[in-house]
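Worksheet: one structure, shown below.
The first residue of the sequence shown is numbered 1, and numbering continues consecutively from there.
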Amino acid sequence: MKQTYPLEIGFLVLVIVVSLVGFSSLYGGDTGGPNGYQYLHIITNLAWLALLLCQLVLISQRRFQRHRTIGTAIFVAGPILLASLTLLTVHSAAKDAVLGRPDVLVVQNVMFTLQIALLVFLAFALRRNRKVHGALLLGTALMFLVIALFFSFIAYVPRYQIEGPETFYRFGEAAQMSALIGGIIGLLFFLKDWRSGWPWIMVTAFVFLDGYLQVTVDQAGRTVSLTQTVASIGRLRAFALGLIGFLALLGVAWRVGAPKRAKRVVDRI
């Protein structure tokens with residue numbers, strides 16, 4: 001029976017739409033629009049989501065050879081995506097570090113980058129299990145959805161908009177609601193295929209773990225020092241480390257996930 005993956009395709013379309021809504025908030029207010037770092041982030045995120053959607057459509061059409069051919073684009077898209085995430089994390093911290101104040105999203109930014117890297121690494125190390133491979137890659141889209149929901153809420157939903165110091169608590173409420181929605185979606189996809197759906201539970205755990213760690217760091221009074229530490233990496237170095245480091249990790253993942261026969265041939269050579 002031909003599998004068309006309507007839920008998965010619909011999910012990716014939803015993530016792309018919500019991401020566009022979230023990114024559109026950068027054009028409002030007094031910010032003057034996205035800066036160069038944010039434009040790079042927008043382009044790489046949307047390109048990644050479009051790549052996932054394209055691959056899923058090809059699988060639903062049983063065009064497996066085309067799927068494998070386009071899949072090699074991960075060796076370009078993956079490192080660039082991680083490099084842009086690393087760059088934006090350092091850039092965000094650097095802006096606040098200069099003023100001696102904490103970056104309120106520093107924990108989420110750092111953890112998000114590391115978790116996306118882990119998901120993509122595992123996806124290619126375990127690519128012979130197609131269901132797990134797909135769940136891991138779609139898990140990255142769920143993480144992007146949670147972030148996009150957060151920015152959409154604080155920009156366009158009156159209940160979550162910050163109108164002054166007395167309403168700053170709404171920032172946390174928006175984060176909690178976006179995490180809750182992401183957690184429900186992750187749980188539903190896990191229940192849909194619980195035998196191979198463990199990546200969805202892992203991603204759901206990531207979402208709530210990041211919030212817990214941010215609160216813990218804040219209560220310990222470590223947010224400012226963490227902000228300064230992240231900022232000290234430097235923007236150019238952050239981009240280079242993300243690009244080269246993740247390209248090396250993908251090479252390891254490809255080697256780990258190679259068929260055993262291919263490994264023996266390589267060993268003989």
- Query: Which value, rounded to the nearest 0.5 Å, describes the distance between L49 atom CG and T140 atom OG1?
  - Reply: 7.0 Å

- Message: If you define the side chain from C-beta out and look only at heavy atoms, does anything of Q55 sit under 4.5 Å from L137?
- Response: no

- Query: Between D210 and Q214, is a side chain to side chain donor-acceptor pair (under 3.5 Å) present by the stated rule, with each step listed?
  - Reply: CA-CA 6 Å; D210 294 351; Q214 181 67 72; over 6 Å; no

- Under the criterion ring pair (Phe, Tyr, Trp, His ring centres under 6.0 Å), which of F190, F206, W194, F189 is the partner of W200? F189

- Task: May I ask whether L82 and I233 are part of the same hydrophobic cluster, defined by side-chain heavy atoms of I, L, V, M, F, W, Y residues being less than 4.5 angstrom apart, directly or through others?
- Result: no

- Message: Do M111 and L87 sit in one hydrophobic cluster, given that two such residues count as connected whenever their side-chain heavy atoms are within less than 4.5 Å of each other, even indirectly?
- Response: no

- Inter-residue atom distance I16.CD1 - L46.CG, 0.5 Å rounding: 7.5 Å

- Query: Side chains of R130 and I59: closer than 4.5 Å at any heavy-atom pair?
  - Reply: no

- Compare every heavy atom of Y156 with every heavy atom of S24, then report the nearest pair and how far apart it is. OG-OH, 2.7 Å

- Taking only residues two or more places apart in sequence or in another chain, which ones pass side-chain contact (heavy atoms from CB on, under 4.5 Å) with I181? L149, F153, M177, I185

- Message: Could you see if L114 belongs to whatever hydrophobic cluster contains Y212? Use Ile, Leu, Val, Met, Phe, Trp, Tyr and a side-chain cutoff under 4.5 Å.
- Response: yes

- Item | Worked verdict on V107 versus T216 for side chain to side chain contact (heavy atoms under 4.5 Å, CB included) | CA-CA 10 Å; V107 173; T216 301; over 6 Å; no

- Message: Using the rule given for side chain to side chain contact (heavy atoms under 4.5 Å, CB included), can you reason through V252 versus F121, listing the C-alpha separation, both sets of side-chain angles and the distance that settles it, and then say yes or no?
- Response: CA-CA 8 Å; V252 173; F121 174 83; 4.1 Å; yes

- May I ask you to test the R237-V90 pair for a side-chain heavy-atom distance under 4.5 Å? no

- Please answer: with hydrophobic residues joined when any side-chain heavy atoms are less than 4.5 Å apart, are L243 and W254 in the same cluster? no

- Is the number of heavy atoms from other residues, nucleotides or ligands within 6.0 Å of CZ (R222) greater than 12? no

- Query: More than 12 non-hydrogen atoms from neighbouring residues, nucleotides or ligands closer than 6.0 Å to CG on L191, yes or no?
  - Reply: yes

- Taking all non-hydrogen atoms of both residues into account, name the closest pair between L187 and I201 and its distance. CD1-CD1, 4.4 Å

- Note on the structure: Besides I43, the hydrophobic cluster formed by Ile, Leu, Val, Met, Phe, Trp and Tyr side chains linked at under 4.5 Å, directly or via other members, contains none

- Message: Ring-plane angle category for F124 and H133, please: parallel below 30°, perpendicular beyond 60°, tilted otherwise.
- Response: perpendicular

- Item | Gap between atom OG1 of T167 and atom CD of E173 - 0.5 Å precision | 10.0 Å

- Give a yes or no answer on whether the side chain of Q161 reaches the backbone of A155 with a donor-acceptor pair at less than 3.5 Å. yes

- Evaluate the side-chain proximity of V15 to F11: yes if any heavy-atom separation is below 4.5 Å, no if none is. yes

- Please indicate whether Y169 has more than 12 foreign heavy atoms, meaning atoms of other residues, nucleotides or ligands, lying under 6.0 Å from its OH. yes

- Are the side chains of L88 and N109 in touch, meaning some heavy atoms are under 4.5 Å apart? no

- Message: I want to check something: taking the side chain as every heavy atom from C-beta on, are T86 and L241 in contact at a cut-off of under 4.5 Å?
- Response: no

- Note on the structure: Looking only at heavy atoms, the pair that brings E8 and L56 closest together is CB-CD2, 3.3 Å

- Task: Could you pull out the closest heavy-atom pair between T227 and A93, with the gap in Å?
- Result: CG2-O, 3.3 Å

- Task: Following the transitive rule for hydrophobic clusters with a side-chain heavy-atom cut-off under 4.5 Å over Ile, Leu, Val, Met, Phe, Trp and Tyr, establish whether V157 and I147 coincide in one cluster.
- Result: yes

- List the steps and the verdict of side chain to side chain contact (heavy atoms under 4.5 Å, CB included) for V203 and M143. CA-CA 7 Å; V203 172; M143 295 191 68; 3.5 Å; yes

- Message: Within this structure, what is the CZ-CG distance for the pair F112 and L105, rounded to the nearest 0.5 Å?
- Response: 12.0 Å

- How is the hydrophobic cluster of V146 composed, in terms of its other members, when Ile, Leu, Val, Met, Phe, Trp and Tyr link through side-chain heavy atoms under 4.5 Å apart, directly or indirectly? V207

- Query: Is there side-chain contact between V230 and D103, with heavy atoms separated by less than 4.5 Å?
  - Reply: no

- Task: Heavy atoms only: give me the nearest T204-G183 pair and the separation to one decimal.
- Result: CG2-CA, 3.6 Å

- Heavy-atom side-chain contact between W48 and I74 under 4.5 Å: yes

- Query: Yes or no on side chain to side chain contact (heavy atoms under 4.5 Å, CB included) for V106 and T223, after CA distance, side-chain angles and deciding distance?
  - Reply: CA-CA 8 Å; V106 64; T223 308; 4.1 Å; yes

- Intermediate values then yes/no, ring pair (Phe, Tyr, Trp, His ring centres under 6.0 Å), F23 and Y39: CA-CA 9 Å; F23 285 137; Y39 270 121; 9.9 Å; no

- Item | Interatomic distance, R127 atom CZ to L136 atom CG [nearest 0.5 angstrom] | 13.0 Å

- Polar side-chain atom of S178 near backbone of A175 as donor-acceptor pair, under 3.5 Å: yes

- Query: Of all heavy-atom pairs between S196 and A135, which one has the smallest distance, and what is that distance?
  - Reply: O-CB, 4.2 Å

- Query: Between atom CG of D96 and atom NE2 of H91, what is the distance when rounded to the nearest 0.5 Å?
  - Reply: 10.0 Å

